[in-house]
Amino acid sequence: MSEGFKDQGRERTERRVGQVKEVTSLANPLVKDIKALSQKKTREETGTFLAEGLKLVIDAVELGWSIRYLLYSKAARGKPLVEKVAARTVARGGMVLEVSEKVMSSITRKDNPQMVAAVFDQRWRALSDVRLDKNETWVALDRVRDPGNLGTIIRTADAAGASGVMLIGDCTDPFSMETVRATMGSVFAVPLVKTGVEDFLRWKKTAGVALVATHLAGAVDYRKIDYKSRPTVVMMGNEQSGLPEELASAADRLARIPQAGLADSLNLAIATGIMLFEARRHLLTLEGAE
Ligand code: SAM
């Protein structure tokens with residue numbers, strides 16, 4: 001890690017205006033460090049991640065997340081919402097950077113970047129702290145590999161009112177830029193747990209949950225399962241190989257979604273959505289509907 005995150009030695013490439021630093025050079029160490037958050041190694045070392053978009057950043061702050069670095073492009077200067085989030089960032093000890101469009105493009109790796117981005121600390125929930133009440137549902141994902149799938153699942157879990165997502169085994173990083181983008185902000189709302197197979201199975205023994213695992217060879221129609229009596233963990237298999245035997249055999253129910261047509265299986269994120277909305281059907285109501 002360079003000195004950038006330690007906030008040193010950037011005088012030549014930045015200018016302070018009040019509590020905002022203007023940064024225009026791609027060679028600025030802080031820019032280099034924030035750009036390096038596109039790499040998993042840097043995200044792990046720093047325990048941080050980058051999220052883009054004003055709405056998403058405001059949502060995060062409202063949910064109690066603190067911003068380490070707020071970046072906005074020159075064109076956003078003076079916009080009331082940007083000013084508000086900048087003031088809040090400074091008040092909570094974060095740093096505000098006004099950057100050129102070139103710098104924003106480079107950090108977000110986009111030709112037409114958002115006008116606002118921010119660096120946050122990652123948050124993980126410990127599996128041992130997860131206790132489910134009766135009406136709660138969690139999703140457990142076995143070795144999910146595709147960032148788009150994981151982001152869509154986190155977003156869908158949020159929309160279905162699920163309480164969190166467990167990542168079992170070697171999963172793609174929920175704090176990668178691609179996954180964070182695909183969550184559309186739900187990464188800030190849905191607790192995440194990282195665990196291994198053995199720890200998960202040990203937790204399951206005492207957690208008092210119904211483990212509903214999905215499998216292409218599942219014997220039970222997913223619509224015939226009782227999701228009301230106990231809190232539920234809906235478990236989904238890896239995109240290529242499905243659920244391994246050691247996880248499938250620990251399930252209380254092995255559910256299948258009936259299919260027509262030629263496709264062998266459903267996309268993982270779609271199958272998760274179908275399962276979650278069925279598991280929570282009795283809890284989700286449409287306000288104002290007949
Ligand atoms: N070739 C893999 C297999 O044999 O399981 C396909 C995996 S599928 C793309 C990814 C995951 O989505 C599965 O492990 C399962 O959890 C879920 N899934 C997809 N279609 C399903 C269905 N019709 N019924 C139950 N689960 C399904």
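Source: prediction; values computed, not measured. When a ligand or atom number is given, it counts from 1 through the structure's own listing order.
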Checklist entry - Hey, which atoms in ligand 1 end up nearer than 4.0 Å to a heavy atom of A255? => result 25 (C)

Checklist entry - With a cut-off of 4.0 Å, which atoms of ligand 1 are near a heavy atom of R256? => result 24 (N), 25 (C)

Polar proximity ligand 1 side, [X] side, N/O cut 3.5 Å exclusive:
| X | value |
| --- | --- |
| I257 | yes |
| G237 | yes |
| S265 | no |
| N267 | no |
| L268 | no |

Side chain, backbone, both or neither: which applies to [X] and ligand 1 if a contact is any heavy-atom pair less than 4.0 Å apart?
| X | result |
| --- | --- |
| H215 | backbone |
| T272 | neither |
| Q259 | side chain |
| L216 | side chain |

What's the shortest distance from [atom] to any protein heavy atom, and which residue and atom give it?
| atom | answer |
| --- | --- |
| atom 18 (N) of ligand 1 | A271 CB, 3.7 Å |
| atom 19 (C) of ligand 1 | L266 O, 3.3 Å |
| atom 26 (N) of ligand 1 | T214 CB, 3.4 Å |
| atom 1 (N) of ligand 1 | Q240 O, 3.0 Å |

Item to check | Neighbour count above 12 (heavy atom, 6.0 Å) for N112 CG | outcome: no

Checklist entry - Considering residues, nucleotides and ligands other than D264, do more than 12 of their heavy atoms fall under 6.0 Å from its CG? => result no

Next on the checklist: Can you tell me how the ring of F175 sits relative to the ring of F49, calling it parallel under 30°, perpendicular over 60° and tilted otherwise?
Outcome noted: tilted

Check this for me, if you would: do [X] and [Y] make a salt bridge, where the nitrogen-to-carboxylate-oxygen distance has to be below 4.0 angstrom?
| X | Y | value |
| --- | --- | --- |
| E52 | R109 | no |
| D158 | R155 | no |
| E278 | R281 | yes |
| E101 | K74 | no |

Item to check | Nearest candidate to atom 5 (O) of ligand 1, where distance is taken over non-hydrogen atoms, out of G242, A217, A213, P258 | outcome: G242

Checklist entry - For R68 and T48, what are the C-alpha separation, side-chain angles and deciding distance, and is it a side-chain hydrogen bond (donor to acceptor under 3.5 Å, both in side chains)? => result CA-CA 9 Å; R68 273 214 199 185; T48 64; 5.6 Å; no

Next on the checklist: Donor-acceptor pair, distance only, cut-off 3.5 Å: does the side chain of W65 make one with the backbone of F188?
Outcome noted: yes

Checklist entry - Measuring from the heavy atoms of D264, does anything fall under 4.0 Å of ligand 1? => result no

